[in-house]
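All chains are named by letter (A, B, ...) in the order of the sequence lines, taking the proteins before the strands, and each is independently numbered beginning at 1.
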Amino acid sequence: MPEFCGISLAHPVINASGTFDAIAARRVYGDALLADFPFSAFVSKTITPEPRAGNAPRRIWETPAGMINSIGLPNKGLEGFLAEDLPQLAELPVPLIVSVMATGRPEFARLVEAVADREEVAAIELNVSCPNVHSGLIVGEAPAETEALLEALRPLTAKPLIVKLTPNVADPAAVAVAAESGGADAVSLINTLKASAFDPLSREPALAAGHGGLSGPAVRPVALQQLRSVAAAIGLPAIGMGGIGSGADAAEFIAAGAALVAVGTESFRDPRAGSRVAAELDFTSPQGAAVQPALDLD
Amino acid sequence: MPEFCGISLAHPVINASGTFDAIAARRVYGDALLADFPFSAFVSKTITPEPRAGNAPRRIWETPAGMINSIGLPNKGLEGFLAEDLPQLAELPVPLIVSVMATGRPEFARLVEAVADREEVAAIELNVSCPNVHSGLIVGEAPAETEALLEALRPLTAKPLIVKLTPNVADPAAVAVAAESGGADAVSLINTLKASAFDPLSREPALAAGHGGLSGPAVRPVALQQLRSVAAAIGLPAIGMGGIGSGADAAEFIAAGAALVAVGTESFRDPRAGSRVAAELDFTSPQGAAVQPALDLD
Amino acid sequence: MSAPFGRRLCEVSENHSSGGYRVFSLLDREGPTPLPGQFYMLAAEDHWEQLGGRPFLPRAISVAETGPAAAGVRLDFLIEGIGPGTGRLCELAPGESVWVNGPLGNAFREPREVSAGAAGAILVGGGIGVAPLALLRRRFGERNVPVRVLLGFRDAEHSGGLDDLFACCEVRLASEDGHAGHQGYVTDLLAAMLTGDDAGSAVVYSCGPAAMLEAVRALCAAHGVACELALESPMACGYGACFGCAVPKPEGGYLRLCVDGPVIAGDRVAEVTHA
Amino acid sequence: MSAPFGRRLCEVSENHSSGGYRVFSLLDREGPTPLPGQFYMLAAEDHWEQLGGRPFLPRAISVAETGPAAAGVRLDFLIEGIGPGTGRLCELAPGESVWVNGPLGNAFREPREVSAGAAGAILVGGGIGVAPLALLRRRFGERNVPVRVLLGFRDAEHSGGLDDLFACCEVRLASEDGHAGHQGYVTDLLAAMLTGDDAGSAVVYSCGPAAMLEAVRALCAAHGVACELALESPMACGYGACFGCAVPKPEGGYLRLCVDGPVIAGDRVAEVTHA
Ligand SMILES: Cc1cc2nc3c(=O)[nH]c(=O)nc-3n(C[C@H](O)[C@H](O)[C@H](O)COP(=O)(O)OP(=O)(O)OC[C@H]3O[C@@H](n4cnc5c(N)ncnc54)[C@H](O)[C@@H]3O)c2cc1C
Ligand SMILES: Cc1cc2nc3c(=O)[nH]c(=O)nc-3n(C[C@H](O)[C@H](O)[C@H](O)COP(=O)(O)OP(=O)(O)OC[C@H]3O[C@@H](n4cnc5c(N)ncnc54)[C@H](O)[C@@H]3O)c2cc1C
Ligand SMILES: Cc1cc2nc3c(=O)[nH]c(=O)nc-3n(C[C@H](O)[C@H](O)[C@H](O)COP(=O)(O)O)c2cc1C
Ligand SMILES: Cc1cc2nc3c(=O)[nH]c(=O)nc-3n(C[C@H](O)[C@H](O)[C@H](O)COP(=O)(O)O)c2cc1C
Ligand code: FES
Ligand code: FES
């Protein structure tokens, strides 16, 4: 059983934030979802202090071996999350990680404090791909901003703080080191790569928001390299993600230094991808190009 | 006829540096190559002041809708290029753009000066994905380094200077603006994304160099977004590249603001990809999801 | 009944052409019988990637008919090949397997009033949008809901499903090129019908291109007639995971078409700008 | 004669299994007749992408036999399915089309000494490496170069090509499991042969797994016998464009196997660490 920041997990495969809505899935699939929950921990979609409707459609666009999304973080806001979603997520058979984002330290602090003492919450993921309203800098692009944010949040909770790194930087390891100095317990990477596409007919941007984030197998080689450089630079455990669709893919991330892996876009193709990836990690794929990783994470 | 920095071109499709060796191709295919040259200008593989053998194999690795390379810029060095390659490249039926890279301003200056007065050379592309040996910074990751380099090189030649931007930065537009301030005539993008993969059997890095650069259709959405933001920020023409494999793809780059497009990895799959892309730009693809771009580049 | 959790492989038992479209059948050994309006996320098991790394995601396809089969449920789909995903589904050969996730989404609701005197259901379909109405018509027939079917097609090359899915019953046709029925839009037929005395107790059920659905919605709103529209939107997952399928709500904000739809009451959409 | 510039579509005329491998044939209407040792870059026109976006690049495959055909040249290939690219080539059906670039690379050279008393050519092949030796053997036969053929296989499931490509002539076999011929390595047979009096005038031609080639290279070096090795390396382009196919030179630096090879004189490689 892998252990991650003191949390025991049944296997090393969790979900990527924003790519699995356990509440909606339970409505669709019923309690079979709980009996056969695909992830060893559940990461919520990112919540923000106030409710957000998300971006205007079109929000998604298929690309070679991947997709671009500009969903825009629709969520019920902190109050709505606590009142409506948290009780339902607490029924899941696995530990809950709450993902939060804000545009300033006080707002981030409000989010962290609100879940800091909740028994239902096992850990907090900080989505730092956001601008600081005061400095204008994207927090996750600036090591000093990241460190300062962690220093501000660290005293507020005993729960593990996971920093979700942004991949759109020259040196993600520098940001990871700053997160470590600031008191983070773990990092997760990669978030989506800045991307766009044009509608072939109109030749206008395909997404209403103009651009979005690339995910799926296409980004896997970028994710593996960033993970490799980050894992080499810090002493903290890392959650690796970006295009994982099979046990063989997951084994590459573990080879690159991941303690856990997260499945995102692949869940859209296969709702049980998490369980499948976890199972495949133990088997040799029929493709020959396969993997039998020595999984000793605990 | 598109015109680019005062150079008239038969169509808007050139090659990406390092992805087509016109000398080797002529050995393989004979003079048919010249009769039917696929690009409207030819960009040389990057040359460095001294000869380089390149990286140890394994140098390439296939990835979803793309590939990683760690070729390591093998080249004959400036003297070898001038003596052996330049006379052969001068026989090509299209304008020649020489790509150069060095690790310091004096060495860059030596390269630029050596081709500055050569009639055979129409323009110079500066590959700035290299560390400055003095500052340690990757020139193309630091706007100030890029601007200083351009200011040093600008007085040395009347030929167009094209800055090949690196995509591994948070804000490529800032570097492009610096290149413009320094006196560049054009920019080209994207170079390859930092990437790695692990051999599924050994779980060691798949490439001997540990990591390499990702190219091919997988990176196209990233290239389009960087091009879009760069083209909006500068007044210079941009050469767009990254995963172009069809006229429809090229039209997306033109919609995103490219004056010319370059074909790289696709030439590995189809040696005449350049001509095909140029021809397809005028036709509606049978896929329906097609493009008939109003090409008025001149 | 919920869809089985996860995706499953189902074998193709048939595939034939139908007025420019294709009709293919899957044998589903596990899933429940789908309801009219529901859809499945489908992806060929082999050779799904066709062209430049696409399709990558599964494709949302409405179920057009269903019935018991030897060892499960037969699912019929009507497909118009417009890109790499639908193109691949069009070429499925018997014996091949398809990844199936579903049935997903909500279903058309029955009219509340089904008394003898009530106008009953008016089904308005256009192009590939006739698919979900086929199953709906049969269900209504079985439940003795009076049904009138109005179908519109661009031309003979875009009239798929007519012979296969609506063979049994009376349909009123409109075609833009006049090759069959009224020359013009199917909404012309609907407009005439909504001036009838009994229109007030009718419920309109519609699926088709955006412009047609918007005309249906506006007509029904003008005549105070209830309507249910089966919409489309880009879908990555089909089960509420991606938030990609957003459709604007009249009061602001968005609904997720895959879990809140694909069937939406006419007064729950402001204006249909995409199908 | 140069390869036609660009890639062209060639139709599959046949595909049958052969001792665990597959032999398939293309009809090439444009290309010149290839020489022994040359290869082609191949990619199926349809459904090339198989699995997770791969294969993306074409695959390098040696020509195993060739001959005149109705309207061009027949090209035979021997394929071992070890991944998505060779897997797809194995399943090619007659009538399908394949993108073809080639013939590429250099060819085996003839022995300089072909006098009656000379030892002539010794062909040493292992596994899938027997492919280019089939065409070489026939060419030598046509030119009256004395040829001896030594082939090694792991087991019966990895003995493809034997019946199809070497049916006509005497071959000496070795197999690791002893199912045919000498139990052990084919290089055991070569070692014995190189102790012969005439070995000095022999030339060894070899293709197969890295370990076998290295043993052949070392044996020939030890006995002062010339040898030509057909190597493999990862190839993205096959025509000198990508610099991916680097093979270390004994004096340092690298050669590009696609244009400087794939056939390399034994004294031009330091040690064969990959095939
Ligand atoms: C609930 C529902 C039910 C449906 N039922 C049916 C049905 O019964 N029968 C049927 O035939 N269809 C049905 N559809 C429509 C069907 O899902 C789409 O036609 C299908 O997804 C198109 O996929 P494609 O690969 O064939 O075409 P695509 O090439 O994906 O084209 C479809 C659209 O996708 C967009 N797109 C996304 N990425 C790209 C890209 N990279 N390049 C170009 N275009 C892109 C474009 O807007 C394009 O117009 C239904 C859709 C929904 C939501
Ligand atoms: C000159 C030459 C001639 C040849 N002639 C023949 C012939 O006649 N018959 C024949 O059968 N073969 C021949 N080969 C070998 C053949 O080209 C390879 O076996 C083929 O390229 C393998 O492709 P694949 O997709 O089937 O397997 P791959 O999965 O590509 O596996 C092959 C190797 O590629 C590597 N690889 C690259 N990217 C990946 C990735 N993302 N995941 C996993 N592995 C990866 C691994 O090292 C793996 O071992 C020849 C090769 C050369 C260079
Ligand atoms: C539709 C979609 C929505 C996402 N929403 C979030 C989010 O709310 N918060 C977040 O931190 N990451 C979000 N992500 C990023 C994923 O968590 C993940 O980092 C990324 O998709 C790479 O993994 P993948 O390639 O396996 O999808 C989202 C990704 C997708 C595709
Ligand atoms: C094998 C290979 C070698 C390359 N060598 C160079 C080089 O020498 N100089 C350079 O500026 N870019 C080089 N590049 C980058 C390409 O010029 C181009 O920027 C990149 O590949 C993206 O385009 P593509 O996706 O069309 O290949 C190389 C790319 C590849 C794949
Ligand atoms: S399609 Fe993914 S949420 Fe609706
Ligand atoms: S395979 Fe590309 S240079 Fe040899």
Quick one: closest heavy-atom pair of B:M67 and D:A236, and the distance? CE-CB, 4.1 Å

Sort by residue number and list every residue of residues 5-12 of chain D having at least one heavy atom under 4.5 Å from chain B. D:F5, D:G6, D:R7

Between [X] and chain D, which part of the residue has a heavy atom less than 4.5 Å away: side chain, backbone, both or neither?
X: B:D270; result: both
X: B:S275; result: neither
X: B:R276; result: side chain
X: B:N55; result: backbone
X: B:A218; result: neither

Contact winner vs chain D - B:P64, B:A24, B:P271, B:P38, heavy-atom pairs under 4.5 Å: B:P271

Report the option among B:A273, B:S70, B:A22, B:S267 that has the most heavy-atom pairs separated by less than 4.5 Å from atoms of chain D. B:S267

Got [X] and [Y] here, is their nearest side-chain heavy-atom distance under 4.5 Å?
X: B:Y29; Y: D:N101; value: yes
X: B:D21; Y: D:F243; value: yes
X: D:W99; Y: B:R269; value: no
X: B:P57; Y: D:Y254; value: yes

Could you look at [X] and say if it's the side chain, the backbone, both or neither that has a heavy atom under 4.5 Å from chain B?
X: D:A3; result: both
X: D:N106; result: neither
X: D:P4; result: backbone
X: D:L57; result: both

Would you mind telling me which of [options] has the largest number of heavy-atom pairs within less than 4.5 Å of chain B?
options: D:C237, D:G244, D:G53, D:A241; value: D:A241
options: D:G240, D:C242, D:G253; value: D:C242
options: D:G102, D:P103, D:P55, D:G252; value: D:P55
options: D:P58, D:G238, D:G105, D:A43; value: D:P58

In sequence, state the C-alpha distance, the side-chain angles, and the governing distance for B:F268 and D:F56, and then conclude on side-chain contact (heavy atoms from CB on, under 4.5 Å). CA-CA 10 Å; B:F268 303 159; D:F56 163 66; over 6 Å; no

Verify the neighbour count for atom CZ of D:R154: are there more than 12 heavy atoms of other residues, nucleotides or ligands below 6.0 Å? no

Nearest 0.5 angstrom please: B:I60 CD1 to D:C245 SG, how far? 7.5 Å

